[in-house]
Amino acid sequence: TFSSGSNYSKVRLLSLLLRAHALPDAVFYLGDNVADGDAFIQSELLRVLQVGKALMAAAGGQALQFFYCYLRSESPVAVFQESLSGLFRAMAMECPLHVYRGIEYSRTRRDEDFASITQEWLGSPVDPIAPSQLPMVRLRDGLRHVISLARAPSRAAVATPLRRGATYLMTGALGEVGQAVCRELARRYGARLVIFSRRALDADTQRILASLTADGATVLYRSVDLTDRAQLAMALASVKAEVGQIDGVFHLARVVSDGALLHKEPEEFLRTMAAKVSGTLHLDELTAQEPLAFFVAFSSMAAFGIAGSADYGYASAFQNALMRNRHHRQLAGACSGRSLALCWGQWRADAYSNEKRDAVLASMGFDFIDAPAALAKLEEALGSAVTHEVLGVIAVRDERRISQLYGLDSADGEPPRRAQTTSAAVASTLSLGDLVALDDDLDGDEEAIKTQLMGRSVDQLLELDRLLAAQI
C-alpha cells in the first residue's frame, strides 16, 4: 500500500520487485500528500481501515503480509502516520495469520534507497512481528531504524517538577482514574487543579469537586469539549485570566469502545479516538507558549497491542508519537517542559473495566494499579535524570510471564535482544556468472527465487536490477 510520494518512486520500486519476481498480489494507492492531521484522518486513515477490513474479511484465514509505504514528512502528518503502529498491531492480534508493517522512506532517486525498500519487502518474515518491536521501519540515509520496547533502566533521581500550590490543567479528570490522580495531587501537593471535562456542572460533579477541595486542592472547573479547538481556546483564556500561568498539563481524557475491527463502523472508530487524538493535539498547540514544567499524556499499553479495541490502540500510539515529536520541538525551543506519555496498564479504579476483564488479566499475570503507587511512578518518571518520552507502567503478579508477553525476556531467561540501527548498505558483489546460475537453477520457481534473493545484500540486488535492465 502506497501513501504519498512521487510516481517515480512507486514505478521504480515496483520495477525492482518485478525484476526480482516478487511483485505483491495487490497494490493500493491511497492518494496524494495531505497537508494536516484532519485531512489524514478523513482520507488516508479511513482508506487504511477500509483496505484492512476488506483483507480481514476476504483472507482472514490465510497468511498475508501488508506493507504500508509512506514518504517521510516533516509536517504534523508524520505523527499520524507513525501512530498506525498501534492499529497494525491490533489488526494482527485480531487476525493472527496477518502481518502488518509500515515503511517510511525518504524522497530519493538513488538506486540504493529503492533497493533498501525492496530488501525490506523480500527479507520480512511471514511470522508475527516480535512483541517488543513496533511494526514500523524508517529507512533514512542508508540506515534502518526501528522502535522497540526495553526495560527502563535504573534512574538517577532529581527533584520532581511537581510543586506545592502549582496550577495543573487536568483533562478527563472526573473519571475513576482521574479522580484518583487529582486526590493524590490535592493531598500531597495542595495543588490548584483546573479541571476540564465534558460533564455539566451538575450535582454529581459538584460533589466530586467539593471532595477534592476537602482533600486540599483549590479547584476551578470548566465544561468543555477538548475536540472543539475554538471552545478549548476560550476556556483556557478564561482560566488564565483568573489564575495566571499553567504550570503543567495532565491529559487523562479517553473513550473506550470494545469491538472487533471487522464489525466496527468508521464513525465509531473516529469517535473513540477523538479525545486522545484531537484532544491531545489541541492541548499541545494551545499550551505551546505556556511556561510548562511538563506535559503528561495518560496513554495506554494498548499502543503495543490490544485485540478488540483497534481504535484505542491507534489513539494511544498517537499520544506516544506526539510526545516524541513534542520533545524534539522542546529541544528546539518551540515549547516548554518535559514531554511524557505514560502507557498505563490496568488500574484498579476504572469505569471501563469489569469483573470478567479483570479475571482474564489476572490469569495472564497482571495486577492492578493503585493511585498512590501510580503517583510515585509519575514522580519517578518526571524526576528522572534519564529522559524517555514514552514509558510503560504496569502492575504484575507474574513478572516472568509478563516479560515474555512483551518480548522483554526470551524463553530461556536470556535478556532481550535490543533492536540495532544498522546500515542498509552492505558492501558485497555478485558476479554475472552467479546471476546466470541463479536464473538457470530457479527458472520459473518464484518462491525459490524469493528465498534466494532474501539472502542477498542491497548491492547485490542493485547489480541484479542493472543487469536485468540491460538485458531488457
Side-chain angles (χ1 to χ4, degrees), residues 37-38 40-42 44-57 60 80 83-95 98 100 171-179 196-200 224-228 251-283 297-322 341-361 364 366 368-369 394:
D38 287 338
F40 177 86
I41 290 172
Q42 295 300 327
E44 195 152 323
L45 175 59
L46 290 181
R47 290 169 187 160
V48 170
L49 283 173
Q50 183 180 14
V51 172
K53 289 174 65 175
L55 293 173
M56 294 169 75
F80 288 82
S83 309
L84 287 169
S85 64
L87 173 61
F88 289 164
R89 180 74 81 186
M91 291 167 69
M93 293 182 72
E94 292 188 28
C95 213
H98 290 191
Y100 297 87
T171 65
L174 297 188
E176 298 291 340
V177 172
Q179 288 185 51
F196 285 0
S197 171
R198 289 177 298 175
R199 290 192 192 183
V224 58
D225 181 356
L226 300 179
T227 66
D228 185 328
H251 180 39
L252 301 94
R254 63 179 179 142
V255 174
V256 179
S257 177
D258 291 338
L261 180 62
L262 189 59
H263 307 299
K264 186 166 288 191
E265 294 299 323
E267 295 77 14
E268 184 181 359
F269 190 100
L270 298 180
R271 185 170 56 251
T272 300
M273 74 179 208
K276 280 185 172 292
V277 175
S278 298
T280 311
L281 189 65
H282 293 162
L283 281 168
F298 273 45
S299 181
S300 168
M301 291 299 290
F304 309 111
I306 184 169
S309 291
D311 37 19
Y312 195 67
Y314 176 85
S316 298
F318 177 87
Q319 290 187 306
N320 298 351
L322 185 61
L342 283 174
C343 301
W344 298 102
Q346 183 63 53
W347 285 65
R348 193 175 302 280
D350 186 354
Y352 288 110
S353 191
N354 53 58
E355 291 185 5
K356 182 178 179 180
R357 173 181 285 187
D358 289 351
V360 170
L361 291 173
M364 294 171 66
F366 289 98
F368 304 97
I369 299 170
I394 54 178

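- The CE atom of Met56 sits 7.5 Å away from the NE2 atom of His98 when rounded to the nearest 0.5 Å.
- The structure places CG of Asp225 at 12.0 Å from CZ of Phe196, a figure rounded to the nearest 0.5 Å.
- The CD atom of Gln50 sits 13.0 Å away from atom CD of Glu44, with the distance rounded to the nearest 0.5 Å.
- No more than 12 heavy atoms of other residues, nucleotides or ligands shown are found within 6.0 angstrom of CZ on Arg198.
- Taking OG1 of Thr280 as the start and CZ of Arg254 as the end, the distance is 13.0 Å to the nearest 0.5 Å.
- In this structure the side chain of Met273 reaches within 4.5 angstrom of the side chain of Leu45, judged on heavy atoms.
- Val177 is not listed as a side-chain neighbour of Ile369, based on a closest heavy-atom distance of 4.5 Å or more.
- Residue Glu268 places its CD atom among more than 12 non-hydrogen atoms of other residues, nucleotides or ligands, all under 6.0 Å distant.
- Although no hydrogens or angles enter the test, the distance criterion places no donor-acceptor pair under 3.5 Å between the side chain of His251 and the main chain of Lys276.
- In plain terms, the two heavy atoms of Leu46 and Ile41 that are nearest each other are CG-O, 3.3 Å.
- Pairs of residues two or more places apart, or lying in two chains, that qualify as salt bridge (Lys or Arg N to Asp or Glu O under 4.0 Å) and include a residue from residues 309-321 are Lys264-Asp311.
- Between Gly178 and Leu252, the shortest heavy-atom distance links the atoms CA-CD2, 3.8 Å.
- Looking at Arg271 and Val255, their side chains never come closer than 4.5 Å, going by heavy atoms from C-beta outward.
- Side-chain contact between Leu84 and Tyr100 is absent, with no heavy-atom pair separated by less than 4.5 Å.
- Closest of all the heavy-atom pairs between Met91 and Leu261 is CG-CD2, 3.5 Å.
- Contact annotation: the side chain of Val277 never approaches that of Leu270 to less than 4.5 Å [non-hydrogen atoms, C-beta and beyond].
- Inter-residue side-chain proximity for Leu281 and Phe80 is flagged as met; some heavy-atom pair is nearer than 4.5 Å.
- How far CD of Glu265 is from CG of Leu49: 11.0 Å, rounded to the nearest 0.5 Å.
- In this structure, the side chain of Gln346 does not engage the main chain of Phe366 through any donor-acceptor pair within 3.5 Å.
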Side chains of residues 299-310: which donor-acceptor pairs under 3.5 Å do they make with residues two or more places apart or in other chains?
{"residue": "Ser299", "atom": "OG", "partner": "Ser316", "partner atom": "O", "Å": "3.1"}
{"residue": "Ser299", "atom": "OG", "partner": "Asn320", "partner atom": "OD1", "Å": "2.9"}
{"residue": "Ser300", "atom": "OG", "partner": "Ala302", "partner atom": "N", "Å": "2.9"}
{"residue": "Ser309", "atom": "OG", "partner": "Asp258", "partner atom": "OD1", "Å": "2.4"}

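- Put simply, the side chain of Val224 does not reach to within 4.5 Å of the side chain of Thr171, judged on heavy atoms.
- For Tyr314, there are no ring pair (Phe, Tyr, Trp, His ring centres under 6.0 Å) partners two or more places apart in sequence or in a different chain.
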